[in-house]
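We're numbering straight along the sequence, starting at 1.
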Amino acid sequence: MGDRTLFDASYEKRRNPLLNQVLERLYPIYSSEEREVIRIDSISRVLLSRPSGRGFVNRDILETVLGNLLECVAPGSHNVQAAGPSDSLEEAIGEIADQIYAMIAQSFLAAEGNGRDIETPALDATFSLLADLPHLKSRALWNRFASLKDPAVWDAYIMGRHRSRMGKLADLDHGPVLDGAIDARDFKPYRDFLKTQNLDFAFDYLMQLVISTYPGWRVLFYHDVAHALTVSGAAEGLADVERIPVPLLPRAISELGGRYYQADLHPETVIGDANFLDHPHRGLTTGQTGVIGSGCYIYPCTMGGLSGRVRHRHPEIGDHVQIGTDATLLGPVRIGNHSTVGPNTQVYGYVQTDTDCRIASSVVVGTVLSGDRRPGIIRLGKGVRVGDGTVIENSTELDLIIPDKAEIPARSHVINDGFGNPRFVRE
């Protein structure tokens, strides 16, 4: 870029063809109603071009840009509707393209200085992100749908207005139906289920409640934007566009999400969709090399690392996993699909569970270093049940195998018998 301004003739020449390609991808994902209500807050190019000092990013501008991106995936959910006619989709996407480009260009300039031409990587990263909007919009929708797992969506308003039809609500087991709809990526099974209970009228209100007031899907969207800026490779649907990781900005977005919602999601954590973060304001942490699947129900918890080395060092969480309040998972822990980690439970070190495991509350499962020897893995088989207050530890080099369907009573203490089998210690 040298000494040129951010928005010069060279920028315009390459921007416009890329904008046209992106618009071709975006038109099909918006209904006429969505195109009518979408509102993008404008920022002057003069302000966008203004250097932000060593901090590289103007937080106020970044908040506006993230709010505008939120409008792109959930039109009408964030910005105030103006009194006059709305901007066309072309104008809205063109405006936000300039804003994203300025943020990314400032990031490259802060990291690399004026000596390199950063216009091409900044433009490529900008339009790669915009080309991801169909994917991001779908993810945001399914993260909102997953929030219907919260029984509190059936609030006083809807219970009071339809009291005559709410009598059997307490007996409904709607969780498996929600999970089935998530697996099928289709609302219909859940709507049909509500219809059989004469509760179909509630669906639109429940979704409105989530989009208006629930924080979990919003912080997950912030993470999606930050994560998209960390990936490399060809941009989907765009010719001759190769994206590279953007410096600095993904972490700034993550920090802003943490400031708003106390959910510290590292931008490089790989997170699936259709996840519900319940009460994230109480604190939620993920790490750089962590993985979280889809359909999970996660309360405030910590999923951190134990090693200071640059390697895989954070937990991997499967699909449809529930993690309870104040649970702590540290290190290369692997939790299998459809498993539960109870509140106040600690799982650390080399621990792996198979599918459908149930670890109750206040449990400790972990590997213990003995000298310089790496301890063996604690492997919980399929369908294992671990009772409250239990301690399972392994300090030997042999793996400790808890067999399929095993049931460990509450307040047990289990160690390796020296042959890889569980031994109950009586205290």
State whether a side-chain donor-acceptor pair under 3.5 Å links [X] with [Y].
{"X": "S294", "Y": "D273", "answer": "yes"}
{"X": "H314", "Y": "T289", "answer": "yes"}
{"X": "T396", "Y": "N416", "answer": "yes"}
{"X": "R161", "Y": "Y157", "answer": "yes"}
{"X": "E36", "Y": "Y30", "answer": "no"}

Check your understanding: Is the shortest side-chain N to carboxylate O distance from D200 to R191 below 4.0 Å?
Key -> yes
Point to revise | Ionic contact status for D224 with K137, cut-off 4.0 Å | key: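 Answer for the salt bridge query: no.
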Please give me the minimum heavy-atom distance between [X] and [Y], naming the atom from each residue.
{"X": "V364", "Y": "Y348", "result": "CG1-CE2, 3.7 Å"}
{"X": "P300", "Y": "H279", "result": "CG-O, 3.0 Å"}
{"X": "W217", "Y": "V210", "result": "NE1-O, 3.2 Å"}
{"X": "I323", "Y": "C301", "result": "CG2-SG, 3.8 Å"}
{"X": "D132", "Y": "A228", "result": "OD2-CB, 3.9 Å"}

Can you find a heavy atom in the side chain of [X] that is under 4.5 Å from one in the side chain of [Y]?
{"X": "Y27", "Y": "I29", "answer": "no"}
{"X": "F221", "Y": "L69", "answer": "yes"}
{"X": "L249", "Y": "L62", "answer": "yes"}
{"X": "T64", "Y": "I61", "answer": "no"}

Check the angle between the aromatic planes of [X] and [Y] and answer parallel, tilted or perpendicular using the 30° and 60° thresholds.
{"X": "Y260", "Y": "Y222", "value": "tilted"}
{"X": "F145", "Y": "Y190", "value": "perpendicular"}
{"X": "Y297", "Y": "Y299", "value": "parallel"}

**Study point:** salt bridge (charged side-chain N to carboxylate O under 4.0 Å, His left out) contacts touching residues 149-159 (sequence neighbours left out)
**Key:** K149-D179
Practice item. May I ask you to check whether W154 and Y205 place their ring centres under 6.0 Å from each other? Key: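 Judged by ring-centre distance (under 6.0 Å), Y205 and W154 do not meet the cut-off.
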Check your understanding: Between Y350 and R374, does a side-chain contact (heavy atoms from CB on, under 4.5 Å) hold up when you go through it step by step?
Key -> CA-CA 9 Å; Y350 302 104; R374 168 179 161 169; 3.5 Å; yes
